[in-house]
Colleague: 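Pasting a structure below so you can have a look.
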Amino acid sequence: MPEANLPKTYDPAGTEARWQQAWEASGAFHPDPGALGEPFSVVIPPPNVTGSLHMGHAFNTALIDTIVRFQRLRGRNVLCLPGTDHASIAVQTILEKQLNAGGQRKEDLGREAFLERAWEWKAGSGGTIVGQLRRLGYSVDWQRERFTLDAGCSAAVIEAFNRLHEQGLIYRGEYLVNWCPASGSAVSDLEVEMKEVDGHLWHFRYPLSAPATAAAAIGRTHLEVATTRPETLLGDTAVAVNPSDPRYAALVGQTLTLPLVGRQIPIVADEHVEAEFGTGCVKVTPAHDPNDFAIGQRHQLPLITVIAKDGTMNAAAGRFAGLDRFAARQAVVAAMEAEGCLVKVEPYRHSVPFSDRGKVPVEPLLSTQWFVQAEPLAARCREALANPSGAEPLFVPERWSKVYRDWLTDIRDWCISRQLWWGHRIPAWFVVSETGGAISDSTPYVVARDQAEAQAKAEAQFGTGTHAHPVVLEQDPDVLDTWFSSGLWPFSTLGWPGERAQGAPGGPEPADLARWYPTSVLVTGFDIIFFWVARMTMMASALMQDGEIPVGGRDTWMPFRDVYIHGLVRDENNRKMSKSAGNGIDPLLLIERYGADALRFALVREVAGAGQDIRLDYDRKSDTSATVEGARNFANKLWNATRFALMNLGGETPASLGEPEPAALQLADRWILSRLARVNQGTAERYTGYGLGEAAKGLYEFAWNEVCDWYLELIKRRLQDPAQQRTARQVLAKVLSELLVMLHPLMPHLSEELWHGLSGEAESTFLALQSWPALNEAALNDQLEASFAELIEAIRVVRNLRAVAGLKPSQSAPVRFLTVRSELAALLREATADITALTRAERVEVLSPEQAEAASSAKGNQRALAGVSGELQVLLPIEGLVDLDALRGRLEKDLAKAEKEIKGLAGRLANPNFAGKAPPAVVAECRANLAEAEAQAALARKRLADLG
RNA sequence: GCGCGAUUAGCUCAGCGGUAGAGCGCCUGCCUUACAAGCAGGAUGUCGCUGGUUCGAAACCGGCAUCGCGCACCA
């Protein structure tokens, strides 16, 4: 930053790029685990490699970076570790689309070639978001950047799978899973979204197999059932009624003949059925509905799958085989109608499970998958919350801990296998030599860390004695849920398992893991508490403790001490921003227009700390945002304040100027130094306690409304005076340079730039690596701050009177203050020169009431403009210039205000309970205020009377 | 159905027991050699409704309304 001829406006573009490059090239954010300083670590929520930067990332980044930059200034050994997530389904979808466009399917390429392409794609477009994150000025250690599918994370996944399997926490089995026909894979419960859909409720008649008996018992020959999914009828294996429903009690145990199919199906009694709903009879399709599956389990009903994995009807659907499930729905209804079994059709709004990714209804399907047994892991996490040991995760805001705990209660097992190619291939090998080459649900398998270990294990188990043939293995073709690897993120990225792999617990830990695990804080949006936060704590509960003792003897196995949950960024219409809704606001556009610092500051300033969503105002026609513009203006204000300093420090720096001599400090100096100390204290507290928005607001107000509006104005005169300028320069340099340090976490580029300009430090030295300014407690002075506020108010009153009088800013006028309080009079006298400068006073007089009394009879004084502030009366004794109507208006306004106040205060004091029960200090204050208001009213009346 | 949050100036939001605040927008006047992305001055509110607690409620408690979110879900 050149010292002379600075442009009048700050141009972020060049500045930001320059510092980003300098920081990264210097390794400023690449910490040494052996370095001094208490460790502070954060792993960033890894964005999806397919993604591009959206406002949510920008928000999350702004918060994390503010925190870690602050901790760095505080002298902690900070690691902030970035990375991306491989996003199985998303990447595979992109690639398959590309293939399809060329008329190919992935099967034509084969797995290996397909994966090669995937890695090529990742090398090319996969880095987009990482480049974009850099543009925010993210102070992460790019040298430690990780990817959930890199060698280290893959080793962690294999190790984790093996250990969980050894602990009996991973199992393989055939269950009803959420099947996404669009992606051709199972998905977990969390990846299913219930959506309200307008559908129909079809009422069908199922004839009883023994109509005569039934007719005798209940007077009819059939039962009526209702369904929203007629196609599943083909897989029905029962009809259920409530056991205490008197209408059907006699029929339980009898059978029905399933229309279209002819199968004999029993009538069972099950508590799940609500007698009040519909006819009280439910068709049961255990292979295609989770509730029915449960009923089926309770009654040992057969499972008949009629829908295939591609969403079409299978052979078991008979004449409907081959039809798409939705076409089959119409066909079944038509067939039922033809058979006279359709009773009626009603429009019906109900919830349908949709696949998050595929955007099609999921099909509950019976299939063999791998699962993580969730309850034992969840139990440990719940316990950690319920028995606070100081090591449990602290949620900010606290209410989210309940959301987290509730989800961990009554948790269901987690389906982790995906029928995809891009991802971590499941480290399980089928012993196909046992089955003649085929893989079926019953094929034996071994879980191992690699092929060789699998071979050894399998040979030990199957290759001996009776088995004549050699053991042949085939690895499970499926991959793991991406969230499985994300769940290991806080330790896999730090080097776990390192040498502890290969089942050798007790080996040395990677230095990073030893130094930085557990991480200090996790910062993320509430929308992924279940997906990610809970999965990380569950994984850690199983993997990061050896028996009772956490790995490495740490105080906790929890992957983070604090969990700072923030809201979502919503659009100007309060809608969640999403790609599909097309209402996203491109952060890059805002960065280009206003600068990354402005965007960051705007986002952080909007967040109050309650974890509330933030609504970002935005004008889509012009791509502008008033909120971000305001932050940009603030950046410009700081730029100009520094510019002013550079023009007035005489080429000196904060270091060369040194600390000011206490005895030489003037009123304004002592005031701003007190304010500086207070802001230092408050800001550090807020940064530490996740009050980031408040920190930002506090600094904004201090910088703009105190330093710029008052202090800079007050010292302009002294800076021109060689006899007085040194102290003013010293204080100015100190205030500004410390302000820049405090602002650095929020506006890193601008503060870095201005700090260099001010300090003259070499480009290789960084503000980012300086120390938080020492708190000067001796400078704190409540009394002084209160007095100064009175002075400011006095000046405001004068300015207001001048405006009322219609004085031009260039015109000067005399100012006269009247007060009974001697301290106030003294203050005003001390500040006479300041008042003169800031009010264009011709002369400033400070009179005692006695003097004022004498003066009031003097000529012209009756016609003075009068204003009141507290115990201070302000007069502008100007003749000839006064607009009498304006003057009267001003006085009437003062009077009305005072009278309103008197009414309120007198009313309160008149209440005997108030004086009796309120704290004495409050009562005293009330009395004082009343006296003041009465004095004000009296003055205003007198002046009005003088006017005639 | 269960739970959570929000409701304060035209807009976006602070305030969370002691007489209503900020930014933007609006009105008036200023290119005052740091800044017009600025400066000075000004106007603007039955603090969603309703009971209660209290000397005192925007704030605390109960109910209601509206909006939003999460979880569960009956075919």
Side-chain angles (χ1 to χ4, degrees), chain A residues 6 8-10 194 201-203 225-229 232 239-240 272-274 276-285 289 291-292 348 350-351 397 399-400 402-403 406-407 410 526-527 529-530 567-568 570 572 574-576 594 598 605-606 608-617 626-627 629-648 693-694 697 700-701 705 708-709 712-713 716 796 799-804 806-810 838-840 900-901 903-905 907-909 911-919 921-923 925-926 929 933:
Chain A
L6 277 187
K8 289 169 102 172
T9 54
Y10 170 53
M194 300 303 275
L201 196 56
W202 284 273
H203 293 254
V225 297
T227 182
T228 55
R229 302 196 57 199
T232 62
V239 164
H272 169 76
V273 181
E274 294 199 14
E276 291 73 35
F277 187 89
T279 57
C281 300
V282 183
K283 64 190 269 313
V284 183
T285 322
D289 182 278
N291 286 316
D292 292 4
Y348 190 62
H350 62 128
S351 296
R399 65 186 149 91
W400 293 111
K402 205 182 145 209
V403 174
D406 287 352
W407 189 73
D410 296 326
F526 64 76
D527 51 331
I529 290 178
F530 308 144
L568 270 30
R570 314 196 85 98
E572 66 279 14
N574 204 23
R575 275 189 313 232
K576 186 172 160 178
Y594 302 112
R605 198 184 171 202
E606 288 299 305
Q612 226 55 284
D613 286 353
I614 64 175
R615 193 186 312 197
L616 193 67
D617 76 285
T627 307
E629 189 179 314
R632 188 274 313 265
N633 293 353
F634 178 54
N636 193 236
K637 188 74 179 174
L638 293 163
W639 172 267
N640 276 292
T642 307
R643 187 162 158 255
F644 171 80
L646 290 175
M647 292 162 81
N648 285 284
E694 284 141 341
K697 281 175 203 157
Y700 180 99
E701 279 166 27
N705 304 129
C708 290
D709 286 354
L712 292 190
E713 293 303 326
K716 278 180 177 171
R796 285 225 168 97
R799 285 173 171 171
N800 171 263
L801 291 176
R802 288 177 53 99
V804 169
L807 289 177
K808 289 236 181 281
S810 53
L838 296 190
T839 63
R840 291 255 173 172
K900 190 184 160 206
E901 218 176 313
K903 200 179 158 198
L905 291 166
R908 270 210 281 171
L909 285 164
N911 181 345
N913 286 325
F914 176 66
K917 294 189 180 173
V922 172
V923 179
E925 196 192 331
C926 193
N929 290 342

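Below, chains carry the letters A, B, ... as their sequence lines are ordered, and counting in each starts from 1.
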Colleague: Closest approach to the side chain of A/R643, judged atom by atom: which nucleotide of B/A40, B/A75, B/A34 is it?
Modeller: B/A34
Colleague: When the distance from OH of A/Y700 to C1' of B/G21 is rounded to whole Å, what number comes out?
Modeller: 15 Å
Colleague: If you look at every heavy atom in A/T627 and A/E606, which pair is closest and at what distance?
Modeller: CG2-OE2, 3.6 Å
Colleague: Roughly how many Å apart are B/U33 and B/U28, using the P atom of each and rounding to a whole number?
Modeller: 24 Å
Colleague: Strictly distance-based, threshold 3.5 Å: is any side-chain N or O of A/N640 a donor or acceptor partner for the main-chain N or O of A/K8?
Modeller: yes
Colleague: When you get a sec, tell me which of B/G38, B/C55, B/A14 is the closest nucleotide to the side chain of A/N633?
Modeller: B/G38
Colleague: For atom C1', what is the distance between B/G56 and B/G48, given to the nearest Å?
Modeller: 23 Å
Colleague: Side chain of A/R799, base of B/A40: donor and acceptor closer than 3.5 Å?
Modeller: no
Colleague: How long is the span from the CG atom in A/D289 to the CZ atom in A/R229, to the nearest 0.5 Å?
Modeller: 8.0 Å
Colleague: Mind checking A/F530 for me? I need base, sugar-phosphate or nothing, with any heavy atom below 4.0 Å counting as a touch.
Modeller: sugar-phosphate
Colleague: Atom CD of A/E606 to atom P of B/A14: distance rounded to whole Å?
Modeller: 8 Å
Colleague: For RNA chain B, list all stems, counting runs of three or more consecutive pairs where every pair is Watson-Crick or G-U wobble with both distances under 3.5 Å.
Modeller: B:1-7 with B:65-71, B:10-13 with B:21-24, B:26-30 with B:38-42, B:48-52 with B:60-64
Colleague: Classify the side chain of A/K8 and the base of B/C35 as holding, or not holding, a donor-acceptor pair under 3.5 Å.
Modeller: no
Colleague: Separation of A/N640 atom CG from B/G38 atom P, in whole Å?
Modeller: 10 Å
Colleague: At 4.0 Å (heavy atoms only), tell me whether A/C708 reaches a base, stays on the sugar-phosphate, or touches nothing.
Modeller: base
Colleague: To the nearest angstrom, how far is A/F914 atom CZ from B/A57 atom C1'?
Modeller: 14 Å
Colleague: Have a look at A/F634 and say if it touches a base, only the backbone sugar-phosphate, or nothing, with a 4.0 Å heavy-atom cut-off.
Modeller: nothing
Colleague: Taking the minimum atom-to-atom distance to the side chain of A/N636, which one of B/A22, B/A75, B/C35 wins?
Modeller: B/C35
Colleague: Taking the same atom, P, in B/U46 and in B/C11, what whole-Å distance lies between them?
Modeller: 12 Å
Colleague: May I ask you to verify if any side-chain N or O of A/Y594 is less than 4.0 angstrom from the OP1 or OP2 atom of B/A37?
Modeller: no
Colleague: Which one, B/A37, B/A22, B/A34, comes nearest to the side chain of A/T9?
Modeller: B/A37
Colleague: So A/D617, base contact, sugar-phosphate only, or nothing? Heavy-atom distance under 4.0 Å.
Modeller: nothing
Colleague: Whether A/R615 contacts B/C13 is assessed here as follows: a side-chain N or O lying under 4.0 Å from the phosphate OP1 or OP2. Is that the case?
Modeller: yes
Colleague: For A/D406 and A/F644, find the nucleotide of RNA chain B closest to each by heavy atoms; which residue's nucleotide sits nearer the 5' end?
Modeller: A/D406
Colleague: Nearest of B/A75, B/C4, B/A34 to any side-chain atom of A/K402?
Modeller: B/C4
Colleague: Quick one: label A/V273 by what it contacts on the DNA or RNA (base, sugar-phosphate, nothing), any heavy atom closer than 4.0 Å.
Modeller: base
Colleague: Check whether any side-chain nitrogen or oxygen of A/K917 sits under 4.0 Å from OP1 or OP2 of B/G17, and answer yes or no.
Modeller: no
Colleague: To the closest 0.5 Å, what do you measure between CD1 (A/I614) and CZ (A/R570)?
Modeller: 11.0 Å
Colleague: Scan side-chain atoms only and decide if A/R908 and A/N911 contain a donor-acceptor pair under the 3.5 Å cut-off.
Modeller: no
Colleague: If only atom types and distance count, is the side chain of A/R802 paired as donor or acceptor with the main-chain N or O of A/K808 below 3.5 Å?
Modeller: yes
Colleague: Check for a donor-acceptor pair, side chain of A/D613 on one end and backbone N or O of A/L568 on the other, with a separation under 3.5 Å.
Modeller: yes
Colleague: Could you give the CG-to-P distance, from A/D613 to B/U12, as a whole number of Å?
Modeller: 14 Å
Colleague: Tell me: CG of A/L568 to C1' of B/G70, nearest whole Å?
Modeller: 12 Å
Colleague: When the C1' atoms of B/G25 and B/C13 are compared, how many Å lie between them, rounded to an integer?
Modeller: 14 Å
Colleague: Counting only distance, no hydrogens or angles, is the base of B/A34 paired donor-acceptor with the side chain of A/E713 under 3.5 Å?
Modeller: yes
Colleague: Taking the side chain of A/E694 as its heavy atoms from C-beta onward, which of B/G5, B/C69, B/G15 lies nearest to it?
Modeller: B/G15
Colleague: Side chain of A/R908: nearest nucleotide among B/G18, B/G15, B/A37?
Modeller: B/G18
Colleague: If I pick the C1' atom on B/G21 and the same atom on B/A9, what distance separates them, to the nearest angstrom?
Modeller: 10 Å
Colleague: Nearest 0.5 Å please: distance from the CE atom of A/M194 over to the NE2 atom of A/H350.
Modeller: 9.5 Å
Colleague: So how far is it from A/I529 CD1 to A/W400 CH2, rounded to the nearest 0.5 Å?
Modeller: 5.5 Å
Colleague: Expressed in whole Å, how much space separates the P atoms belonging to B/A57 and B/C4?
Modeller: 27 Å
Colleague: When all nucleic acid strands are considered with a 4.0 Å heavy-atom cut-off, which category describes A/R796: base, sugar-phosphate, or nothing?
Modeller: sugar-phosphate
Colleague: What's the CD1-C1' distance between A/I529 and B/G5, to the nearest Å?
Modeller: 13 Å
Colleague: Give me the distance, rounded to whole Å, that separates B/A43 from B/G10 when you measure between the P atoms they each carry.
Modeller: 16 Å
Colleague: Using a cut-off of 4.0 Å on non-hydrogen atoms, how would the nucleic acid contact of A/P912 be classed: base, sugar-phosphate, or nothing?
Modeller: nothing
Colleague: Report the relative orientation of the aromatic rings in A/Y700 and A/F634; use parallel for angles under 30°, tilted for 30 to 60°, perpendicular for over 60°.
Modeller: tilted
Colleague: For the C1' atoms, the ones on B/C64 and on B/A6, what distance do you get once it is rounded to whole angstrom?
Modeller: 16 Å
Colleague: Take the protein atom CD of A/E274 and the nucleotide atom C1' of B/G1, then report the distance between them rounded to whole Å.
Modeller: 11 Å
Colleague: If you find the nucleotide of RNA chain B closest to A/W407 and the one closest to A/D709, which residue's nucleotide is nearer the 5' end?
Modeller: A/D709
Colleague: Side-chain N or O of A/K697 versus OP1/OP2 of B/A22: is the shortest distance under 4.0 Å?
Modeller: no
Colleague: Applying a 4.0 Å non-hydrogen cut-off, can you work out what A/S351 is touching in the nucleic acid: base, sugar-phosphate, or nothing?
Modeller: base
Colleague: Verify side chain to side chain contact (heavy atoms under 4.5 Å, CB included) between A/L838 and A/R799, making sure each step is shown before the conclusion.
Modeller: CA-CA 9 Å; A/L838 296 190; A/R799 285 173 171 171; 3.9 Å; yes
Colleague: Checking all strands, does A/L616 fall into the base, sugar-phosphate, or nothing category for heavy-atom contacts under 4.0 angstrom?
Modeller: nothing
